[in-house]
Enquirer: 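Let me give you the structure first, and then I'll get to my questions.
Residue numbers start from 1 in every chain, and the chains themselves are labelled A, B, ... in the order their sequence lines are given, proteins ahead of strands. Computed over heavy atoms, backbone and side chain alike; hydrogens, waters and symmetry mates excluded.
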Number of protein chains: 2
Amino acid sequence: MAERETTPPTTVWSRPERGARGPAPERSRYEITGAALALADAEGLPAVSMRALAQRLGTGPASLYRYVGSRDELLDLMADAVAGELDLSAAPSGDWLGDLVGLALQSKAAHARHPWLADLNDRRGEVLGPHAIDYLDHALAILAPAPGTSGQKLEAIGLLGGLATLFARREAPASAGAGDPPAQAAHLAAVAAEGRHPHLLAALTTAGPPPVAGPAERDALFERLLRRLLPAMLG
Amino acid sequence: MAERETTPPTTVWSRPERGARGPAPERSRYEITGAALALADAEGLPAVSMRALAQRLGTGPASLYRYVGSRDELLDLMADAVAGELDLSAAPSGDWLGDLVGLALQSKAAHARHPWLADLNDRRGEVLGPHAIDYLDHALAILAPAPGTSGQKLEAIGLLGGLATLFARREAPASAGAGDPPAQAAHLAAVAAEGRHPHLLAALTTAGPPPVAGPAERDALFERLLRRLLPAMLG
DNA sequence: TAATACTGCGAACATCGATCGCAGTATTGG
DNA sequence: CCAATACTGCGATCGATGTTCGCAGTATTA
């Protein structure tokens with residue numbers, strides 16, 4: 001008569017790490033997440049296959065499913081692990097804009113450390129793990145003295161994360177998996193030289209050496225834009 | 001003796017649509033791209049598999065590779081097709097900020113029409129097709145009277161596209177493939193209620209009904225932020 | 001007309017995420 | 001103390017994916 005057949009919990013964190021009966025697991029979610037992180041850092045996110053990860057851990061692919069319900073859950077764990085890398089120890093200073101910008105810079109730095117994070121963050125249906133929740137609460141604490149409704153603040157925090165991802169992606173060296181930048185540039189120049197795109201041609205000939213700025217200037221631009229954006233969202 | 005074994009062209013558009021010898025192809029890149037677009041609109045990007053697309057076109061999967069070198073190239077074609085949907089007919093009015101904001105709004109609207117576009121746009125190593133190049137030239141034409149170097153303008157245009165993607169994603173209804181928003185919200189509330197996240201708890205109880213704004217207000221916020229951002233980038 | 005270079009495509013391959021079911025092991029209840 | 005129970009590890013396997021191979025047929029070229 002019990003018709004319960006749905007799958008109520010659905011997130012990694014709502015399921016117990018292990019059962020109470022059988023033998024002790026030989027690994028842990030933490031260990032597996034760490035190995036996945038190392039693999040992603042070294043060879044990129046696509047290289048994090050269940051098989052490759054299992055091999056790295058010296059086990060079979062099927063075994064991983066004792067710890068993780070699916071590869072997607074593994075990605076959730078990875079994302080939350082990176083969220084845990086952020087330093088939330090500093091208490092809000094009262095300068096909410098400055099504090100929030102600092103948080104965003106930390107977030108952007110995390111993206112630089114883990115180039116695959118951007119691809120993780122724009123999956124649909126993101127799930128907030130414990131570290132992400134800590135982050136959220138911290139950001140809300142920072143925003144306590146700021147104007148705006150709770151809804152506006154939540155939106156601002158979400159947007160902030162998206163912006164960190166966006167800027168990190170734009171700052172990422174094209175090296176990472178990109179096809180062939182010089183060839184692409186040559187193709188662009190060739191098309192522009194056909195005469196139908198005068199402004200593009202002008203821009204390409206003018207800006208021969210691209211004005212790639214150093215990390216400090218990149219951060220400064222990011223900060224400058226945030227300091228204009230955030231007040232406009234919360235006013 | 002000829003050691004040429006590399007693959008020089010590498011983009012869909014640098015390869016001829018068809019050879020000069022054999023029978024006339026039964027389909028065209030245009031037709032295939034259109035079918036892929038329809039499929040993606042109807043069932044999402046993951047549903048655009050070579051097999052499903054072939055079936056929709058009444059052919060075998062292998063045949064598609066006569067028109068497209070890989071699935072990735074197909075995605076390039078799709079992205080450029082959407083770029084072709086933008087209306088670039090209006091000549092620059094002299095109000096570069098207004099014109100550029102209009103372009104960004106168009107771009108955001110395209111994302112709303114094609115929810116999968118966001119996932120396309122944040123692939124690495126994007127390739128610019130003819131429509132994308134037209135777009136780029138148009139944006140540069142708009143920016144002609146604006147201050148800033150060519151490099152800054154190119155960066156601003158790129159950022160603009162990223163922002164349109166970002167905002168479109170944030171405005172997308174959680175419906176699209178999202179797991180279970182209410183359950184996630186309940187989980188969040190439960191965690192917050194444990195007492196360790198007071199600000200989160202306060203925000204969740206305060207903002208019971210989320211202040212989802214209408215499309216008009218969304219666009220207005222987007223425009224407001226852009227009008228603050230762009231001058232800051234080009235000054 | 002013969003050589004050539006294409007087109008369509010069935011069959012197959014490698015790789016992926018995921019499931020099944022069995023053997024072994026620790027906990028539980030009587 | 002001992003079955004019943006519920007777990008763990010994992011080899012074998014499934015279904016789906018992108019992609020390649022090779023062949024038969026066809027239009028162009030010389």
Enquirer: If I take atom CZ in residue B/R27 and atom C1' in nucleotide C/dG8, what distance separates them, rounded to the nearest angstrom?
Expert: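 Atom-to-atom, B/R27 to C/dG8, this comes out as 8 Å.
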Enquirer: Salt bridge check, A/R169 against A/D119: does any charged N sit closer than 4.0 Å to a carboxylate O?
Expert: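 Result for this pair is yes, salt bridge flagged.
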Enquirer: If you count every heavy atom of other residues, nucleotides or ligands that lies below 6.0 Å from A/Q55 atom CD, does the total exceed 12?
Expert: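 No, the 6.0 Å shell around CD holds no more than 12 heavy atoms from other groups.
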Enquirer: Report the distance from atom CG of A/D76 to atom P of C/dG17, rounded to the nearest whole Å.
Expert: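 For the pair A/D76 CG and C/dG17 P, the rounded distance is 15 Å.
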Enquirer: Could you write nucleotides 21-30 of chain C as a row of B, S and -, 5' to 3', where a protein heavy atom under 4.0 Å of any base atom gives B, of only sugar-phosphate atoms gives S, and otherwise -?
Expert: B--BBBBS--
Enquirer: Of all the nucleotides listed (C/dC20, D/dG18, C/dA18), which has the minimum atom distance to the side chain of B/R71?
Expert: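 Closest nucleotide to the B/R71 side chain: D/dG18.
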Enquirer: In whole angstrom, give the distance that lies between atom CG of B/L74 and atom C1' of D/dT19.
Expert: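 In whole Å, D/dT19 C1' lies 14 Å from B/L74 CG.
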Enquirer: Is it the case that more than 12 heavy atoms not belonging to B/R123 sit under 6.0 Å from its CZ atom?
Expert: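 Buried by this count: over 12 neighbours within 6.0 Å.
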Enquirer: How far apart are the C-alpha atoms of B/T33 and B/D80, what are their side-chain angles, what is the distance that settles it, and do they pass the side-chain contact (heavy atoms from CB on, under 4.5 Å) test?
Expert: CA-CA 10 Å; B/T33 306; B/D80 201 61; over 6 Å; no
Enquirer: Which nucleotide in the list D/dG9, C/dT7, C/dA18 gets nearest to the side chain of A/S70?
Expert: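 Output: C/dA18.
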Enquirer: For the side chain of A/A62, starting at C-beta, report the closest nucleotide among C/dG17, C/dC9, D/dA12.
Expert: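 For the A/A62 side chain, the nearest candidate turns out to be D/dA12.
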Enquirer: Give A/S49 one of three labels, base, sugar-phosphate or nothing, depending on what nucleic acid heavy atoms sit under 4.0 Å from its own.
Expert: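 A/S49: backbone/sugar contact only, no base atoms under 4.0 Å.
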Enquirer: Among D/dT8, D/dG18, C/dA18, which nucleotide has an atom closest to any side-chain atom of A/R51?
Expert: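 Out of D/dT8, D/dG18, C/dA18, the nucleotide with an atom closest to A/R51's side chain is C/dA18.
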Enquirer: With a cut-off of 6.0 Å (strictly less than), are more than 12 heavy atoms of other residues, nucleotides or ligands near CD of A/E126?
Expert: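 Counting other residues, nucleotides and ligands, CD of A/E126 stays at 12 neighbours or fewer.
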